[in-house]
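These numbers come from the heavy atoms of this one structure, side chains and all, not from hydrogens, waters or symmetry mates. Letters A, B, ... mirror the listed sequences (proteins, then strands); counts begin at 1.
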Amino acid sequence: MPELPEVETIKRDLTKKIIGQKIVDIKINKPKIIKEPSADLFKKGIIGEKVKEVKRIAKVLIIKFREDKFLVIHLRISGWLLYGKEDPRARVVFVFSGGKCLNYMDQRVLGELKLRKSYSDLKFIKTLGPEPFDMSPEDFKKLIKGRSTKIKVLLLDQTLIAGIGNIYAQEALFLAKIDPKRPAKSLKESEAGRLYEKIISILKEAIKYKGSSVDSYRDLSGGRGGMEQRLRVYSRKGKPCPVCNKPISKIALGGRGTCFCPNCQR
DNA sequence: AATGGGACCTGCGCGC
DNA sequence: TGCGCGCAGGTCCCAT
């Protein structure tokens, strides 16, 4: 599911709901989701703690209990969080003192929960590139300069630029009218500037509309995001391009499906 | 450095 | 109807 806009949506909603609340029980229905420490220590370590803060770094969600105690959540593809009553499908359930629950939902069981003393030392976090919002257009131009990787594959490389996933990479390239197959270094200065601008605008739009519920992703209350009906090319193979009406194509790049308009994107 | 493959998991939709 | 296959928002790891 979740790219930067979806995780940001969860972070904002979660902040409103759980700050200051105390966790009194945890039910682990799928121990595999708990990557560290053991399921038992994970439980013992969190029960009794109050939520101090909710943070997001790229696509990673972090719940702070203390200066040296953090719950690190990576939703991977199908993870999402549901706040309210306990859900039978939940992989892990956090029970608050008021009786409300935070359900960790994850159909494909690819997500990860970790309880740690810190998060900044996690390899994945340490190697993250800057988020688009923390870059200047010049930073972005420097980033793509000299790289022969296909531009769409580059946008998905979290060590170079963090937070973009397969939906918004395709959408940004469409808005910028750039063919996703092009080597990064083939982009002219003006094209790179345009792409950077569209990355920012698509992420802002997606945050504004609370993300895309293309498949399993739902917001904290179980509602759908409003962004999916605004997607221009993602998952629209064969349908008319919203600009020129010619059919959208789909190819594989870096092993990921990639939709684009061969007529508009050059 | 870049590319391609497979792995991790489950469930859906499609074509036969 | 039923079954097998391909595919899915992410990341890691290996080989070339």
Within the 4.0 Å heavy-atom criterion, would you say A/G111 contacts the bases, only the backbone, or no part of the nucleic acid? nothing
Can you check the A/R256 CZ to B/dG5 P distance for me, whole Å? 15 Å
A/D157 CG to C/dC13 C1': how many Å, rounded? 15 Å
So OG1 of A/T9 and CZ of A/R56: to nearest 0.5 Å the spacing works out to 9.5 Å
Keeping A/N103 on the side-chain end and A/R89 on the backbone end, is there a donor-acceptor pair under 3.5 Å? no
Any strand counts, and the cut-off is 3.5 Å on both contacts for Watson-Crick or G-U wobble. Which nucleotide pairs with C/dT1? none
Between CD1 of A/I251 and P of C/dC7 the distance, given in whole Å, is 14 Å
Sugar-phosphate only, base, or nothing, as touched by A/K185 at under 4.0 Å among non-hydrogen atoms: nothing
Options B/dA2, C/dC13, C/dT11, nucleotide nearest the side-chain atoms of A/K123: C/dC13
Distance check, rounded to the nearest 0.5 Å: A/T258 atom OG1 versus A/L156 atom CG? 7.5 Å
Map A/V60 and A/T258 onto DNA chain C by nearest heavy atom, then report which one ends up closer to the 5' terminus. A/T258
Tabulated below should be each protein N or O lying under 3.5 Å from an N or O of nucleotides 9-16 of chain B; please produce it.
{"residue": "B/dC9", "atom": "OP1", "partner": "A/K32", "partner atom": "NZ", "Å": "2.3"}
{"residue": "B/dC9", "atom": "O2", "partner": "A/R108", "partner atom": "NE", "Å": "2.9"}
{"residue": "B/dC9", "atom": "N3", "partner": "A/R108", "partner atom": "NH2", "Å": "3.4"}
{"residue": "B/dT10", "atom": "O4'", "partner": "A/Q107", "partner atom": "O", "Å": "3.4"}

Tell me: CG of A/N166 to P of C/dT11, nearest whole Å? 11 Å
Would a 4.5 Å heavy-atom cut-off, applied to side chains only, mark A/N166 and A/K152 as touching? yes
Separation of C/dT11 atom C1' from A/L156 atom CG, nearest Å, is 11 Å
Indicate, with a heavy-atom threshold strictly under 4.0 Å, whether A/F124 touches base, sugar-phosphate, or nothing. sugar-phosphate
Given a cutoff of under 4.5 Å between side-chain heavy atoms of I, L, V, M, F, W and Y, with clusters grown through shared members, what are the other residues clustered with A/V24? A/V93, A/V95
Give the nucleotide from the list C/dG10, B/dA2, B/dT3 with an atom nearest to the side chain of A/R147. B/dA2
Does any N or O in the side chain of A/R236 come within less than 3.5 Å of the main-chain N or O of A/P240, such that one atom is a donor and the other an acceptor? yes
In whole angstroms, the gap separating P of B/dT3 from CD1 of A/I151 amounts to 12 Å
Please determine whether a side-chain nitrogen or oxygen atom of A/K59 lies at a distance below 4.0 Å from atom OP1 or OP2 of C/dT11. yes
Atom pair distance, as rounded to whole Å: CG in A/L160 and C1' in C/dT11: 14 Å
Hey, which of A/V153, A/L253, A/L155 is the one that makes side chain to side chain contact (heavy atoms under 4.5 Å, CB included) with A/P180? A/L253
Please report, rounded to the nearest Å, how far the P atom of C/dG10 is from the NE2 atom of A/H74. 9 Å
